[in-house]
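Structure record follows, encoded as structure tokens.
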Amino acid sequence: MCPKVESIEQPIMEILSAITKLSPEKITVDSRLTLDLGMDSVQFMELLASLEDRFPIRVEVEDIRPELFFSVGTVLEFVQERLEDA
């Protein structure tokens, strides 16, 4: 993992832990947002807002695709790509 991804991993894990009420130790890069973390649509919207608040990125409507927000790893990749574009 490149240093940038490592620097965003912890904040994203903290966001997910706060939203799902799961301890950070139970959340891994491979955790699936709905199947493993039990996220619903309201929590998903909370995640999008939290990502925009925490990082200098904007999540557009066309970005909201299942393959981009399937797992913690895909969220990390999405944020990393947006940070590189900024």
Side-chain angles (χ1 to χ4, degrees):
M1 237 183 266
C2 73
K4 261 190 170 178
V5 170
E6 290 174 355
S7 69
I8 65 171
E9 185 175 345
Q10 187 60 36
I12 290 175
M13 295 293 196
E14 290 169 3
I15 289 169
L16 288 168
S17 176
I19 291 170
T20 62
K21 309 292 189 252
L22 295 171
S23 70
E25 297 80 38
K26 293 189 182 226
I27 302 172
T28 69
V29 173
D30 296 323
S31 296
R32 297 166 294 180
L33 300 184
T34 55
L35 297 174
D36 298 325
L37 304 183
M39 288 182 64
D40 61 23
S41 58
V42 173
Q43 291 171 315
F44 180 74
M45 295 309 292
E46 206 176 324
L47 170 62
L48 298 180
S50 296
L51 291 175
E52 288 186 336
D53 287 346
R54 176 62 180 85
F55 301 101
I57 64 170
R58 181 96 178 113
V59 181
E60 303 295 337
V61 173
E62 58 270 8
D63 295 329
I64 304 172
R65 299 190 315 264
E67 65 271 15
L68 295 178
F69 291 92
F70 178 73
S71 68
V72 175
T74 61
V75 172
L76 286 168
E77 290 171 13
F78 172 79
V79 172
Q80 176 65 37
E81 287 174 12
R82 290 300 177 270
L83 290 172
E84 288 172 357
D85 292 344

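What you see is a predicted model, and the numbers here were worked out from it, not measured in a lab.
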Nearest heavy-atom pair of [X] and [Y]: which atoms, and what distance?
X	Y	value
M39	Q43	CA-OE1, 3.1 Å
I12	V75	CG2-CG1, 4.2 Å
F78	L68	CD1-CD1, 4.1 Å

If I take atom [atom1] from residue [X] and atom [atom2] from residue [Y], how far apart are they, to the nearest 0.5 angstrom?
X	Y	atom1	atom2	value
I15	Q10	CD1	CD	10.5 Å
R82	E77	CZ	CD	12.0 Å
E46	L51	CD	CG	11.0 Å
I8	I57	CD1	CD1	8.5 Å
L48	D53	CG	CG	11.0 Å
I27	T20	CD1	OG1	4.0 Å

| said: Strictly by side chain to side chain donor-acceptor pair (under 3.5 Å), give each pair with a member in residues 26-36 just once, sequence neighbours left out. | reply: T28-S31, R32-D36
| query | Would a hydrophobic clustering, with Ile, Leu, Val, Met, Phe, Trp and Tyr connected at side-chain separations under 4.5 Å, put F70 with L22? | reply | no
| said: Taking the side chain as everything from C-beta on, heavy atoms only, tell me whether V29 gets closer than 4.5 Å to S71. | reply: no
| query | Would you say L37 and V72 make side-chain contact, with heavy atoms under 4.5 Å? | reply | yes
| request: Identify, with sequence neighbours excluded, every residue that meets side-chain contact (heavy atoms from CB on, under 4.5 Å) alongside P11. | output: R54, F55
